[in-house]
Amino acid sequence: QVQLIESGGGLVQAGGSLRLSCAASGRAFSSYNMGWFRQAPGKERDFVAAIRWSGDITYYADSVKGRFTISRDIAKNTVYLRMNSLKPEDTAIYYCAADNNRRLSRRSDEYAYWGQGTQVTVSS
């Protein structure tokens with residue numbers, strides 16, 4: 001069982017930056033793949049970024065590639081999402097997710113554990 005708690009969301013102007021954190025508790029965090037997803041009002045939950053348990057593979061959605069960076073600190077049981085050059089269309093609730101499959105995935109239905117989400121609002 002893994003518990004996930006996101007933090008770091010807030011209101012920022014377009015062009016600004018935020019860093020989201022996802023603190024994990026539970027066993028064997030280092031063996032879990034981690035992902036970030038987001039959901040805007042009235043829309044489905046979309047993939048943002050993912051990092052393999054080993055840290056050697058990362059995936060990004062095309063819409064955030066070059067602007068967002070996912071990373072993890074095993075010692076702190078934390079995964080981060082650094083978001084630069086934010087746009088109004090990045091406004092959403094951002095969710096952290098974990099899974100222990102061997103293959104890194106962009107699919108939300110392959111992640112077993114989810115945090116409660118943190119709101120990110122980008123003003124124009």
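Along the sequence shown, residues are numbered consecutively beginning with 1.
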Apply ring-ring contact (aromatic ring centres under 6.0 Å, His included) to Tyr111 and Phe37, showing your working.
CA-CA 11 Å; Tyr111 286 79; Phe37 293 79; 5.3 Å; yes
Working to the nearest 0.5 Å, report the span between CG of Asp99 and CH2 of Trp114.
10.0 Å
In Å and rounded to the nearest 0.5 Å, what is the OG to CG distance from Ser21 to Leu81?
9.5 Å
Are Ile93 and Val79 connected in a single hydrophobic cluster, I mean Ile/Leu/Val/Met/Phe/Trp/Tyr linked by side-chain heavy atoms less than 4.5 Å apart?
no
Are side-chain heavy atoms of Thr91 and Arg38 found at a separation under 4.5 Å?
no
State, to 0.1 Å, how close Leu20 and Gly9 come at their nearest heavy-atom pair, and which atoms those are.
CD2-N, 3.6 Å
Does Trp53 share a hydrophobic cluster with Tyr59, counting links as ILVMFWY side-chain heavy atoms below 4.5 Å and allowing steps through other members?
no
Does one hydrophobic cluster hold both Tyr113 and Ile51, with members joined at side-chain heavy-atom distances below 4.5 Å?
yes
Are Leu4 and Tyr80 co-members of a hydrophobic cluster defined by side-chain heavy atoms under 4.5 Å apart?
no
Do you know the tightest heavy-atom contact between Ala40 and Ala92?
N-CB, 3.8 Å
List the atom pairs, donor and acceptor, that lie under 3.5 Å between side-chain atoms in residues 66-74 and the rest of the protein, sequence neighbours left out.
residue: Arg67; atom: NH1; partner: Ser85; partner atom: O; Å: 2.9
residue: Arg67; atom: NH1; partner: Asp90; partner atom: OD2; Å: 2.8
residue: Arg67; atom: NH2; partner: Ser63; partner atom: O; Å: 2.9
residue: Arg67; atom: NH2; partner: Asp90; partner atom: OD1; Å: 3.0
residue: Arg67; atom: NH2; partner: Asp90; partner atom: OD2; Å: 3.4
residue: Arg72; atom: NH1; partner: Tyr32; partner atom: O; Å: 2.8
residue: Arg72; atom: NH1; partner: Arg52; partner atom: O; Å: 3.2
residue: Arg72; atom: NH2; partner: Phe29; partner atom: O; Å: 3.1
residue: Arg72; atom: NH2; partner: Tyr32; partner atom: O; Å: 3.1
residue: Asp73; atom: OD1; partner: Ala75; partner atom: N; Å: 3.1
residue: Asp73; atom: OD1; partner: Lys76; partner atom: N; Å: 3.2

Closest approach of Ser17 and Asn84, non-hydrogen atoms and distance?
OG-OD1, 2.9 Å
Would the distance check show the side chain of Asn33 and the main-chain N or O of Asn100 forming a donor-acceptor pair, the cut-off being under 3.5 Å?
no
OG of Ser124 to NZ of Lys87: how many Å apart, nearest 0.5 Å?
14.0 Å
Rounded to the nearest 0.5 Å, how far apart are CZ of Arg19 and CE of Met83?
11.5 Å
In terms of hydrophobic clusters joined by side-chain contacts under 4.5 Å, are Tyr94 and Val12 together?
yes
Measure from the side-chain N and O atoms of Glu6 to the backbone N and O of Gly117, and report whether any donor-acceptor pair falls under 3.5 Å.
yes
How long is the span from the CH2 atom in Trp36 to the CZ atom in Phe47, to the nearest 0.5 Å?
12.5 Å
Rounded to the nearest 0.5 angstrom, the CG-CD distance for Leu104 and Glu110 is 9.5 Å
